[in-house]
Every structure is written in structure tokens, then in C-alpha cells.
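Quick caveat: nothing in here was measured; it's all calculated off a predicted structure.
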2 protein chains.
Amino acid sequence: MAERKPRKSQQELIIAEASRLFWEKGYAETSMKDIASACGFRPANIYNYFGGKEEILYEILLQEMMEIVSPIKHLKEDEGVDPVTCLRMLVENHVRLTLGEKSRSKLLFDVGLNNLSPARRKKIISLRDNYDQIGIAIIRRGKKAGVFSKEIDEKIAVFSIASIIARSRIWYSPKGKYSVDEIIEFIVQFSLRGLGAGTSAGR
Amino acid sequence: MAERKPRKSQQELIIAEASRLFWEKGYAETSMKDIASACGFRPANIYNYFGGKEEILYEILLQEMMEIVSPIKHLKEDEGVDPVTCLRMLVENHVRLTLGEKSRSKLLFDVGLNNLSPARRKKIISLRDNYDQIGIAIIRRGKKAGVFSKEIDEKIAVFSIASIIARSRIWYSPKGKYSVDEIIEFIVQFSLRGLGAGTSAGR
DNA sequence: AATAAGTGAATGGTCATTCATTAACTAATA
DNA sequence: TATTAGTTAATGAATGACCATTCACTTATT
């Protein structure tokens, strides 16, 4: 017989399909029946793996936020690497996760946050704060090193850069004119110039 | 006793309340009962003014897109004004509409587009295209005038700037640290630098 | 009287969730 | 090896809630 045994655990399957559907149709517009159908079984079975719909959303957000933060965590206090390289790594990692073909890492970021219970929302937001703090630290070091313009507000700058990346998935198309690498390059350059890096450093 | 007569037409009231609710809770999560309650009457009455829920969403999006595009339409072929000023006007108009306290102009941009019928979605998207075209024209003129960097891709640049603005509503708070004017100033400067307009280039 | 504004009740539909039950598989036992 | 017990995976049916929409009807306004 083909396979009765889960090649990957069913929970991963549910997460993957739900993640795709939530992004394609939205959280409220996706029914448990939709998710179950995509996985090849009936709605009731989902409750053997998750407490409910909200829990699925939570697990997706949690997983995706960690995927974004983990690979760049070390940049926060990495005094050795120069800020320009740090920023490039932050952008590249985030864009690749956002536009990558692996449907697993299609973050919803804050799209579905209000569908979460307060406790869970708090947890997700605290993870996002980590991301912000890393970006802020990088920019601050860049200012101190005279690489970025002194009058830049770190917080708004990080929000702005993250906004470009988060929204890139709306206008990006794999069949479109631009490759992921080109988009990364654009956002890196645009951000660096926006921060005042390049020709005139520091001031 | 006070006022039986609509000070403003009921349709405007419905649009205003629905717009606020759609933003706060999302389209699917907002019921006709919610909208009716916010307006002070019963769900059935809404159907005296609108064909249905989707039509309300459409009217909101239509109105908000036009509010964004109309005031800057003339910038597309305005050869007289310098590109830096043009870009500033585009950003300022968009940010004020996005963050302004008038709850009427709280655009959803493309948040609820997939809840629209194909024909209506097409109409809204064509309006958004207008916005993009204006931005592209401005940047192209700037490049020709030697104000912006030649290797900038106009399209991605406009998307990026619009992304920052559209998402600013997520992190902006009226009670927060920054005023709307400060945010405008930041986004304008960040965008101009991103486009390669150095301190020497602008004026 | 005639029109406009607003309503209560009903309709058909969908949805998330529960639960008792069956099917499928595993491991231990006789 | 054959049987059984136990565990996990999956299901069908039912529940209660909510929702958009319709329509005949009442109330208010001109």
C-alpha cells in the first residue's frame, strides 16, 4: 500500500496547508473544512491535533516569527561585523522568508493578530519586538560608527524597512519581472541610502 | 426629539462606521449587525441604502482610493514643479489620509480586495494603478533631471514608498511619541535619500 | 394621502466544535 | 502463529451559534 504512516507528522501538514490558506483567503474566510480538505481528511480530525482554529493560527505565527528572528539574533550584540553587512543580512533573511517558495515560511506578521487571545497576542508581539530591537541596535551602532546619518530615528527606520519587506509579497510575483535577489538588492540599497549610508558618512 | 433628520445622509454614516469597523476588526469579522448597531438602527435598514455588505466595502474602497489619487493627479504631467517637491506632496497627501483623525479616510488599500466581485476588484485595482503611475512619472522625471539616481527602478521604488505609508497606520499611534508631521518628514527624507537625492541634489 | 425610514420575524446557509463510534495499527500474550 | 488488548487516527452526525439577506409590515415625515 502507498503510505498509511505519516511521512511528516500530520500537525506539520495541517500547519502547512492552513498557512497557505490563511494567506490566500484570510483567516476568517478559511474554514476548518477548507483546511481539512486540503489535508485530505475531515474537519473533526483536526481536533485530534489542535485545540481549535485559533491555536492553529497561533502556532503558525509563532513558528514564522521565530524563523525570522532566530537567524539574526546574534546581530544584536555583534560589535565585530560592520552595520552595513548586518543590515544586509537582516533584510536578506527577512525577504527570503517572505518571498521564498517554501510555503511554510509565509508569515502573516500582524495580519491575524486580532484573532488571537490576549495572552497569545502578547507572546507574538514580544517576538516581533525582538526583531525591532535587533534592527534598532544595528542602526544605532551604525550611527555611532559614523556610517549612518545621526539624525535618523532608529525606530521609525526599522518600521519602514520592515514595512517594505512585509508588503513586498503583495506586489511580488514569481513570474514577474524581478527575481528575489533583485528585490533584495533594491531594498538593501534603498534602505542603506535612506539611512544615510554611502557617499557621505555620518553627517 | 433632537434630530430625526439626517444631518449627514445615512449612507455617509454607514460608510463611516463600516469603514472604522472594517479596519478595527476586519471585513469578515464585522457583521451587518455590528454596522447597524454603530449607526443606531437595525440590520435590515441598511438594505434601504446599500445592496449588501460587499457593496459597502466597494464604496469605501472606491472613495478612499479616489481621495488618495485626486489631489495628486496633476503631478503626473506637471513638468514645472521639481520632482523633490512632487514626491513630498505625494507622500504628505497619502500619509495625512492614512493617519488623519478623520475616520472617513482610513483606506484599507488592498486588505479586503479578495472580498470583492471580479468587476469591482478590477475597478479598484485600476485606481491603484493610477497612483503607481503618478509616482513612477515623478521618479522618472527626477532621474532625467539628475536629481535621483539613474539606476533606481521606478516601479519597485513606488511600491516601497507606498508600503511604508500604508503600514504606518499599524505602528502609528496618536498618543505615541511621534506626530503625523514628524512621520511625514521622516518618510519624505528616507524616500528621497533612498532615491539617491543627496543633500546637494534637492536644491 | 403618499413617500421614506425603520423594524421583527423568518429563511437558508455556514461555521466551529463536540462526541460517540469505527477503523487501523502496534504490541503483548496465549 | 493466532488472538487479544490497547492506542492512535479518522469519521458521521448532531449542536448551537451566528450571519446575510428578504419581506411584509409599521412608523414617521412631507
Inset, instruction - Output every pair passing salt bridge (Lys or Arg N to Asp or Glu O under 4.0 Å) with a member in residues 29-45 of chain A, not counting sequence neighbours, ordered by first then second residue. - result: A/Lys25-A/Asp34

Over how many whole Å does the gap from [X] atom [atom1] to [N] atom [atom2] extend?
{"X": "B/Ile46", "N": "D/dC19", "atom1": "CD1", "atom2": "C1'", "answer": "12 Å"}
{"X": "A/Asn48", "N": "C/dA20", "atom1": "CG", "atom2": "C1'", "answer": "13 Å"}
{"X": "A/Ile14", "N": "D/dA9", "atom1": "CD1", "atom2": "P", "answer": "11 Å"}
{"X": "A/Phe50", "N": "D/dA9", "atom1": "CZ", "atom2": "P", "answer": "13 Å"}
{"X": "A/Phe41", "N": "D/dT8", "atom1": "CZ", "atom2": "P", "answer": "17 Å"}

Inset, instruction - Identify whether any heavy atom of B/Tyr49 sits under 4.0 Å from a base atom; if not, whether one sits that close to sugar-phosphate; answer base, sugar-phosphate or nothing. - result: sugar-phosphate

Legend entry - Presence of B/Gln10 side-chain N/O under 4.0 Å of C/dA4 phosphate oxygens OP1/OP2: no

Inset, instruction - Quick one: sort the B/Tyr131 and B/His94 rings into parallel, tilted or perpendicular, breaks at 30° and 60°. - result: perpendicular

Legend entry - Protein proximity profile, nucleotides 10-17 of chain C - base contact B, sugar-phosphate-only contact S, no contact -, cut-off 4.0 Å on heavy atoms: -----SSB

Legend entry - Option passing ring-ring contact (aromatic ring centres under 6.0 Å, His included) with A/Phe159 (candidates B/Trp171, B/Phe186, B/Phe190, B/Tyr178): B/Trp171

Legend entry - Contacts of A/Tyr172 that satisfy ring pair (Phe, Tyr, Trp, His ring centres under 6.0 Å) - sequence neighbours left out: none

Inset, instruction - Please state whether the base of C/dA5 and the side chain of B/Asn45 form at least one donor-acceptor pair under 3.5 Å? - result: no

Legend entry - Exam field: side chain A/Ser160 to backbone A/Ile156, donor-acceptor pair closer than 3.5 Å: yes

Inset, instruction - Examine B/Lys53 relative to B/Tyr27 and say whether NZ or CZ is less than 6.0 Å from the centre of the six-membered ring and inside a 45° cone about the ring axis. - result: yes

